[in-house]
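What follows is a set of notes on a single structure, which appears directly below.
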2 protein chains.
Amino acid sequence: MSDGRKRRLSGCPIDYALDFFGDRWTLLVIRDLLFGGKRHFKELMESPERIASNILTARLKKLEERGLIERRSDPDNRKQVIYTLTDKGRDLAPVLVEMVRWGGRHDPNSLCPKSVVTRLTRDNERLLADMRAGMADAVRTVKARARR
Amino acid sequence: MSDGRKRRLSGCPIDYALDFFGDRWTLLVIRDLLFGGKRHFKELMESPERIASNILTARLKKLEERGLIERRSDPDNRKQVIYTLTDKGRDLAPVLVEMVRWGGRHDPNSLCPKSVVTRLTRDNERLLADMRAGMADAVRTVKARARR
DNA sequence: GAGTTAACTTGCAAATTGCAACTAATAATA
DNA sequence: TATTATTAGTTGCAATTTGCAAGTTAACTC
């Protein structure tokens with residue numbers, strides 16, 4: 001069912017959206033590409049949620065087939081592959097932002113700074129830039145925590 | 001893993017959110033409770049996506065355990081059970097709205113009226129009311145389509 | 001009190017996930 | 001140039017989850 005060929009869609013945009021990312025991993029990959037400044041398989045593997053390599057491969061394949069990301073090999077280093085979001089993929093930013101606001105409001109253990117969460121979505125451009133920076137910090141915190 | 005007890009969360013609000021609804025069905029149930037005016041098990045079963053009864057039971061149980069919905073028996077009809085969203089559950093409205101906007105923008109087969117999709121999220125109250133009404137129409141369309 | 005309805009439960013096959021180990025191609029190093 | 005390391009995967013397999021159909025139980029309806 002992962003390829004969405006068997007289930008018949010209802011016509012509801014939420015059902016359509018879930019057919020793309022109604023699982024535990026896809027939006028984390030998109031988060032990393034959108035806010036984390038990541039482009040390589042290896043970088044995606046290093047996120048704190050520790051996705052398995054076979055799952056990552058499957059998600060990247062599906063996302064490419066369905067037009068949310070593009071895959072090309074790095075001209076400077078032919079053993080690297082560069083993954084980038086398409087417009088359709090980048091368009092998911094507001095969904096992720098609302099998830100951050102929800103999670104940030106309701107998760108007492110969130111590592112995400114309240115300032116990011118409470119800021120209104122109005123100034124989206126600045127917010128996204130801050131999330132990018134804030135995420136690098138959070139990743140550092142998690143790594144430091146893991147070392148202990 | 002469905003109960004989120006085994007996976008360790010990263011502290012990212014997106015990861016936290018996906019621990020609640022990172023699957024194919026949970027957000028459809030919340031959609032029905034939030035926009036569809038549904039309250040009973042049977043009504044949730046009748047949605048066009050045709051969730052299986054055992055999956056619905058499992059999702060309702062998880063949502064109740066984790067504080068997104070409340071379950072009580074109908075005082076007027078003791079064989080009916082009423083499910084309602086908590087504040088935390090209702091708070092997911094902006095996430096669903098952004099998913100509708102994304103799906104509506106990118107799905108050529110969407111049954112959701114463009115007017116709903118393109119309208120800005122600013123006037124959220126009216127938008128939610130319209131979605132409620134629009135959804136009743138869409139359900140009728142799908143049912144009619146299925147009869148053919 | 002016979003039939004119906006609502007809310008589940010059970011059984012089971014098929015699909016998906018998660019983990020660990022392995023591989024192939026390219027790049028860096030000695 | 002031979003050796004080692006790195007990147008992007010693949011493979012095998014056990015455990016979990018899903019999807020479908022059928023069955024159950026308690027409460028209403030006639």
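Naming: A, B, ... by sequence-line order, numbering from 1 per chain.
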Using whole Å, what does the distance between atom [atom2] of nucleotide [N] and atom [atom1] of [X] come to?
{"X": "B:L44", "N": "C:dT5", "atom1": "CG", "atom2": "C1'", "result": "16 Å"}
{"X": "A:F41", "N": "C:dT26", "atom1": "CZ", "atom2": "P", "result": "17 Å"}
{"X": "A:D74", "N": "C:dA27", "atom1": "CG", "atom2": "P", "result": "10 Å"}
{"X": "B:Q80", "N": "C:dT5", "atom1": "CD", "atom2": "P", "result": "12 Å"}
{"X": "B:N77", "N": "C:dA7", "atom1": "CG", "atom2": "C1'", "result": "12 Å"}
{"X": "B:E43", "N": "C:dC8", "atom1": "CD", "atom2": "C1'", "result": "16 Å"}
{"X": "B:R24", "N": "D:dT18", "atom1": "CZ", "atom2": "P", "result": "12 Å"}
{"X": "A:K62", "N": "C:dT17", "atom1": "NZ", "atom2": "C1'", "result": "14 Å"}

**Message:** Any base atoms under 4.0 Å from A:R71, or only sugar-phosphate, or nothing? Heavy atoms, all strands.
**Reply:** sugar-phosphate
**Request:** Look at all strands and tell whether B:N54 reaches a base, only sugar-phosphate, or nothing, counting heavy atoms closer than 4.0 Å.
**Result:** base
Below 4.0 angstrom from OP1 or OP2 of [N], is there any side-chain N or O of [X]?
{"X": "A:Y83", "N": "D:dT7", "result": "no"}
{"X": "A:R50", "N": "C:dT17", "result": "no"}
{"X": "A:H40", "N": "D:dT7", "result": "no"}

**Request:** With the side chain of A:R59 defined as its heavy atoms from C-beta on, choose the nearest nucleotide among C:dA7, D:dG9, C:dT17.
**Result:** C:dT17
**Request:** Choose from C:dA27, C:dT9, D:dT10 the nucleotide whose nearest atom is closest to any side-chain atom of B:T57.
**Result:** C:dT9
**Request:** Kindly indicate whether the side chain of A:L9, heavy atoms from C-beta on, has any atom under 4.5 Å from the side chain of B:N109.
**Result:** no
**Side chain to side chain, A:L33 and A:R90, heavy atoms closer than 4.5 Å** = no
**Message:** Looking at every non-hydrogen atom in both residues, tell me the closest pair between B:I69 and B:L60 and how far apart they are.
**Reply:** CD1-O, 3.5 Å
**Fill in**
Residue pairs meeting ring pair (Phe, Tyr, Trp, His ring centres under 6.0 Å), one or both in residues 54-102 of chain B, sequence neighbours left out, come to A:Y16-B:W102, A:F20-B:W102, A:F21-B:W102, B:W102-B:H106
**Any donor-acceptor N/O pair under 3.5 Å between D:dT10 base and A:S53 side chain** = yes
**Asked** Is A:K42 side chain donor-acceptor paired with the D:dT7 base, going by distance under 3.5 Å alone?
**Response** no
**Prompt:** Could you go step by step and tell me if B:K62 and B:E65 meet the salt bridge (charged side-chain N to carboxylate O under 4.0 Å, His left out) rule?
**Reply:** CA-CA 5 Å; B:K62 180 180 172 187; B:E65 283 170 358; over 6 Å; no
**DNA chain C: 5'-proximal contact among A:W25 and A:D76 (nearest heavy atom)** = A:W25
